[in-house]
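Supplied in structure tokens, the structure appears directly below.
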Amino acid sequence: MSSLRTAARVEALGFSEIVKIRNHIMSLQRRGVSVLPFHGGEPFLHTPDAIKQACIQALADNKTRYAPSSGIEPLLELIIEKVRTRNRIPAEPGQAIVVSGGLHGLFVAFMTTVNPGDDVMVLSPYWTPIQDLIVLAGGRRVLVNSFQARGQRLRTMLEQSLTPATRVIYYNSPTNPTGQVYTRAEVESLAQFACTHDLVVIADEAYEDIVFDGEHVSLASLPGMMERTLTVYTLSKSFSMTGWRLGYVIATEPWMTGLRKLTLNSINGVSTPTQWAAVEAFRMGPAYFEELRQAYRQRRDLLVAGLRAAGLACEMPAGTFYAFPRINPALGQDSWQAFHCLLEQFGISSVPGVVFGPDGEGHLRFCFSTSLETIEAAVERLARLQRAD
Ligand code: PLP
């Protein structure tokens, strides 16, 4: 066999379907087709000026040399203070690490905790890269349907999905793609399950600041959970900083040593001026977050009302900037058909639910992080769907 081939670990990896969809939409737009874009996944707002200014200042001050690979001290201090006060996580100095965005944080978290042959429980539908991170770590994905596993059924369903090889749970609240926010009672029940069976949890809290209904409860704030939880955060969604690539992970030992080694050996630390810009992000007050939520709430209400008026059943998302309505026969028999129908006949792009795992089939994901005009135009086009029905 020729040696001009990639390593087996790479061959087993997929490449995000969402990227393929994005490329397809871009090629349609280049050909002059008008598409109202709802397939994306990033904030429509710009990074706040104060953060951009802090980066410019860092460059002017020649803060351009290697930073410590786990993060600069002033940023780490602010991170610890933030998680202690806002997330109620009892983190001590030394229990935070700066990483290159949420995905990198998840990468180092999975590689730190999952051994080949381990089963990883995933509440599903789930954010697509998770599947690949588990494959890369040599684990096996065990899905727990998150539409069914709500309220009192959560504990029962987790118990039913437990295998002798289960070691890690991936948990994401607020959830991409469903917009679900787990209640305090649910988070408590997950915590009790993890403690009872001595499991480790990777808690993905990327959307912690985009919650409309209910409260965001950090799993690591619950008794007994700090030592068994690796909590992954990112500045991408909270501060409209997707392109800056900065996140952080909170964990105790022995995890922190693993996270440090993997971060050193993969990126050797986040760009120094970016870290100084992030320091400024931690100075944003409550008014900033209130405005952010208000902007997304207005968009959520408009889109969900339009989807429902068009005959698509849609749970009101309690958090994130995604709505996850059910498809109906007027659109097609499965989520890919519905995606194509909506794109080709109505000029609206979305993401087929099955891209987020088998439990997402029968749904489409719409990202409402866009202008009100775009949402209004989509609602108008969707109204035709009901007339056609
Ligand atoms: N976790 C979830 C659930 C996400 O949806 C995303 C981004 O879309 C991330 C983590 C990672 O975000 P980033 O790598 O941009 O920080």
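One-based numbering, in listed order, for ligands and for the atoms of each. Residue numbers count from 1 along this sequence.
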Worksheet item: Does ligand 1 have any atom that is closer than 4.0 Å to a heavy atom of Glu42?
Response: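 So Glu42 does not count as touching ligand 1.
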Worksheet item: Side-chain donor-acceptor pair under 3.5 Å between Ser236 and Glu42, yes or no?
Response: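 No donor-acceptor contact under 3.5 Å links the two side chains.
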Discussion item. Do Trp244 and Phe239 make a side-chain contact, defined as non-hydrogen atoms from C-beta onward lying under 4.5 Å apart?
Written reply: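 In short, these two side chains do not touch, never coming nearer than 4.5 Å.
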Fill in: Beyond-backbone contact of Glu376 with Glu380, side-chain heavy atoms, under 4.5 angstrom
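Side-chain contact under 4.5 Å: no.
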Practice prompt. Using a strict cut-off of 4.0 Å, indicate which atoms of ligand 1 neighbour a heavy atom of Tyr207.
Written response: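 So the atoms of ligand 1 that pass are 2 (C), 3 (C), 4 (C), 5 (O), 8 (O).
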Worksheet item: Relative to ligand 1, is Leu103 under 4.0 angstrom through side chain, backbone, both or neither, heavy atoms considered?
Response: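 Leu103 to ligand 1: contacts from backbone and side chain alike.
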Worksheet item: Based purely on interatomic distance, does Leu106 place a nitrogen or oxygen under 3.5 Å from a nitrogen or oxygen of ligand 1?
Response: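 So ligand 1 has no N or O lying under 3.5 Å from an N or O of Leu106.
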Worksheet item: Do Glu280 and Arg283 sit within salt-bridge range, that is, some charged N less than 4.0 Å from a carboxylate O?
Response: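 Yes, charged N to carboxylate O under 4.0 Å.
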Worksheet item: Checking ring-ring contact (aromatic ring centres under 6.0 Å, His included) against Tyr322, which of Tyr207, Phe366, Phe368 comes through?
Response: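 So the option named by the test is Tyr207.
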Fill in: Basic-acidic side-chain contact under 4.0 Å: Arg9, Asp132
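Answer for the salt bridge query: no.
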Discussion item. Using a 4.0 Å cut-off to any heavy atom of Thr234, which atoms of ligand 1 qualify?
Written reply: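 Reading through ligand 1 atom by atom, the close ones are 13 (P), 16 (O).
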Worksheet entry | Geometric class of the Tyr248/Tyr233 ring pair [parallel <30°, tilted 30-60°, perpendicular >60°] |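 Parallel: the ring planes of Tyr233 and Tyr248 meet at under 30°.
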Practice prompt. Work out whether the distance between some heavy atom of Tyr126 and some atom of ligand 1 is less than 4.0 Å.
Written response: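 Judged by the 4.0 Å heavy-atom criterion, Tyr126 does not count as contacting ligand 1.
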Worksheet entry | Proximity winner for atom 6 (C) of ligand 1, if only heavy atoms of Tyr322, Phe107, Trp127 are counted |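 Comparing heavy atoms across Tyr322, Phe107, Trp127, the nearest one to atom 6 (C) of ligand 1 lies in Trp127.
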Fill in: salt bridge (Lys or Arg N to Asp or Glu O under 4.0 Å), paired with Glu215, selected from Arg88, Arg184, Arg86
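Of the listed residues Arg88, Arg184, Arg86, the salt bridge (Lys or Arg N to Asp or Glu O under 4.0 Å) partner of Glu215 is Arg184.
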Fill in: Option with minimal heavy-atom separation from atom 2 (C) of ligand 1, where the choices are Ile18, Asn172, Asp204, Val232
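Residue with the shortest heavy-atom distance to the ligand atom: Asp204.
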Worksheet entry | N or O pair under 3.5 Å between Tyr170 and ligand 1 |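 In fact, backbone or side chain, Tyr170 has no N or O that close.
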Worksheet item: What are the atoms of ligand 1, with element, lying closer than 4.0 Å to any heavy atom of Ser236?
Response: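 Result: 13 (P), 15 (O), 16 (O).
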Item to complete: Counting heavy atoms only, name the option from Met241, Lys237, His104, Arg245 that's nearest to atom 14 (O) of ligand 1.
Response: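 The option holding the nearest heavy atom is Arg245.
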